[in-house]
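Within every chain, numbering begins at 1; the chains are lettered A, B, ... in the order of the sequence lines, protein sequences first and strands thereafter.
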Number of protein chains: 2
Amino acid sequence: MDKRQQLIHSAFELFYRNGIHAVGINQILQTAGVAKKTLYHHFASKEELIAAVVEYRDEKFYNWLASRLELVKPGYDGLNELFDAVDDWINNRVDLLTDFHGCFFINTCAEFNDPQQLIYQQCQQHKKKINGLIERQIRALGILEPATHHVTDSISLLKEGAIVMAHVQGDLTAAKKAKDMAWIVLAAYLS
Amino acid sequence: MDKRQQLIHSAFELFYRNGIHAVGINQILQTAGVAKKTLYHHFASKEELIAAVVEYRDEKFYNWLASRLELVKPGYDGLNELFDAVDDWINNRVDLLTDFHGCFFINTCAEFNDPQQLIYQQCQQHKKKINGLIERQIRALGILEPATHHVTDSISLLKEGAIVMAHVQGDLTAAKKAKDMAWIVLAAYLS
DNA sequence: ACAGAGGTATACCGATCTGTCTATTCTTCT
DNA sequence: AGAAGAATAGACAGATCGGTATACCTCTGT
């Protein structure tokens, strides 16, 4: 019954479904069942609440993906698991992440389009963390070291493409397509 | 000096840079140098202006890409041109499209997250039109007919991934990576 | 026992939002 | 010349925005 956490949780649900700027503070308060004074006791401004929401989602998403990847061997299995995880997410088979509405961080960058803003940078930072997970898989594959970052970015590109295809174009098989392409591309790098 | 067009143009610039919900009507009016009455003479509401802006960008972007693809032979050359065009766009070498801030349609879907809303559907429609351009290239390659749509979606996925990587992660070489992957994947399909 | 922290509910503030209205000017067509 | 249409500036309405203030109510730790 931590009110602060309750606020963050409700705010995230509303932001994720409706966009951040479209959601007012009173709406969040009503959904969370919390008094306005309490919000401003925990956060100095709406901006701070937003930052806390982004951090909350960052941790939740990263921990979810990291824990899935820990279940399998890094490398082949890890990359399969990566795309399977995205597939599960896209097709709403992951309760933890709530109904799929695209990537919250991509969506947030769309609204806070200035790279100098804190919130934009938080989103970039999140993506870097996720890239770190991917990079570990790539290294385990035995890709030649100089190509590691390039290949990591390529896999990341496929993952981002799958998310956007699923969100905007409604292609629920996008993660499977990305997975197939990933192995074709990696085969070319490993030969 | 068409006031209606001036409004749409100014609104697009502001929406693209700052997000739609973050931009007020008065700000648009000031930027466009147009009176409020004139806006509501041409559009019944802000919603209608937004719809007109999406349509405007749809036409502008589609016509730009289509005209670039018309300069080369469909197939190999067309697909190269597709990714070169995206590369030019991402790296701000296309004045017509104004400074790159991600894909306006992806951004807009992030703000109007409900697939039943008109504006969301306009964005989906735009993506379908772009997919049509890609599909023409795929057919010209002589891919086996049953795979045409699958391959088209795969190339579209690579394109979307490149746009998002460039926007969120700041990878300005994303289009080149996508192009490389496209040929690796297509080689596998053509063999 | 009682101070203090965290909570509720709600009135309020100034700013800003979309949209309407008035009153006036410029342009264009016949 | 004169009517009609499109434009102007800007006041205004009503709602909502983020944020503050007031007054009161629980808990909890020493």
With a 3.5 Å cut-off and sequence neighbours excluded, list the donor-acceptor pairs that the side chains of residues 171-190 of chain B form with protein atoms.
| unit_1 | atom_1 | unit_2 | atom_2 | d |
| --- | --- | --- | --- | --- |
| B:D171 | OD1 | B:T173 | N | 3.0 |
| B:D171 | OD1 | B:T173 | OG1 | 2.8 |
| B:D171 | OD1 | B:A174 | N | 3.4 |
| B:D171 | OD1 | B:K177 | NZ | 3.3 |
| B:D171 | OD2 | B:K177 | NZ | 2.6 |
| B:T173 | OG1 | B:K177 | NZ | 2.9 |
| B:K176 | NZ | B:D87 | OD2 | 3.0 |
| B:K179 | NZ | B:D84 | OD1 | 2.8 |
| B:W183 | NE1 | B:N80 | OD1 | 2.8 |
| B:Y189 | OH | B:H150 | ND1 | 3.2 |

Q) Taking all non-hydrogen atoms of both residues, which atom of B:A11 and which atom of B:V53 are closest, and how far apart? A)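 What the structure gives for the nearest pair is CB-CG2, 3.7 Å.
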Q) Which heavy atom of B:G78 sits nearest a heavy atom of B:Q137, and at what distance? A)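 Shortest heavy-atom contact: CA-OE1, 3.2 Å.
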Just how far, in rounded Å, is [atom2] of [N] from [atom1] of [X]?
| X | N | atom1 | atom2 | result |
| --- | --- | --- | --- | --- |
| A:L29 | C:dA11 | CG | P | 15 Å |
| A:Q30 | C:dT8 | CD | P | 14 Å |
| A:K46 | D:dT20 | NZ | C1' | 18 Å |
| A:L7 | C:dG6 | CG | C1' | 13 Å |
| A:F43 | D:dT20 | CZ | C1' | 18 Å |
| B:E47 | C:dC17 | CD | P | 17 Å |

Q) A:F104 and A:F61: aromatic ring centres closer than 6.0 Å? A)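 Not close enough - the centres of the two rings lie 6.0 Å or further apart.
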Q) Which parts of residues 33-41 of chain A get close to DNA chain C, meaning a heavy atom less than 4.0 angstrom away? A)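 Here the set is A:G33, A:V34, A:A35, A:K37, A:T38, A:H41.
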Q. Tell me, which of residues 20-28 of chain A have any heavy atom that sits under 4.0 Å from an atom in DNA chain C?
A.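 None, since no heavy atom is under 4.0 Å.
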Q: Return no unless some side-chain N or O of A:K3 is found under 4.0 Å from OP1 or OP2 of C:dG7.
A: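 Answer no for this pair, as no side-chain N or O of A:K3 is under 4.0 Å from OP1 or OP2.
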Q | Short side-chain N/O contact to C:dG6 OP1/OP2 from A:H42, under 4.0 Å | A |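 So the side chain of A:H42 is outside the cut-off, no N or O lying under 4.0 Å from OP1 or OP2 of C:dG6.
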Q: Determine whether A:I130 and A:Y16 fall in the same hydrophobic cluster, where Ile, Leu, Val, Met, Phe, Trp and Tyr are linked whenever their side-chain heavy atoms lie under 4.5 Å apart.
A: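 Yes: a chain of side-chain contacts under 4.5 Å links A:I130 to A:Y16.
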Q: Give a yes or no on whether A:M165 and B:L65 share a hydrophobic cluster (residues Ile, Leu, Val, Met, Phe, Trp, Tyr; joining criterion: side-chain heavy atoms under 4.5 Å apart).
A: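 Hydrophobic grouping puts A:M165 with B:L65.
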Q | Qualifying side-chain hydrogen bond (donor to acceptor under 3.5 Å, both in side chains) pairs with a residue from residues 103-126 of chain B, counting only residues at least two apart or across chains | A |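 side-chain hydrogen bond (donor to acceptor under 3.5 Å, both in side chains) check on residues 103-126 of chain B returns A:H167-B:N113, B:H21-B:E111, B:D58-B:H126.
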Q: Only pairs at least two apart or in different chains count here, so list each side-chain hydrogen bond (donor to acceptor under 3.5 Å, both in side chains) that has a residue in residues 40-51 of chain A.
A: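 Non-adjacent pairs meeting side-chain hydrogen bond (donor to acceptor under 3.5 Å, both in side chains): zero.
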Q: Using the test ring-ring contact (aromatic ring centres under 6.0 Å, His included), find all partners of A:F83 that sit at least two apart in sequence or belong to another chain.
A: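 Result, ring-ring contact (aromatic ring centres under 6.0 Å, His included) vs A:F83: none returned.
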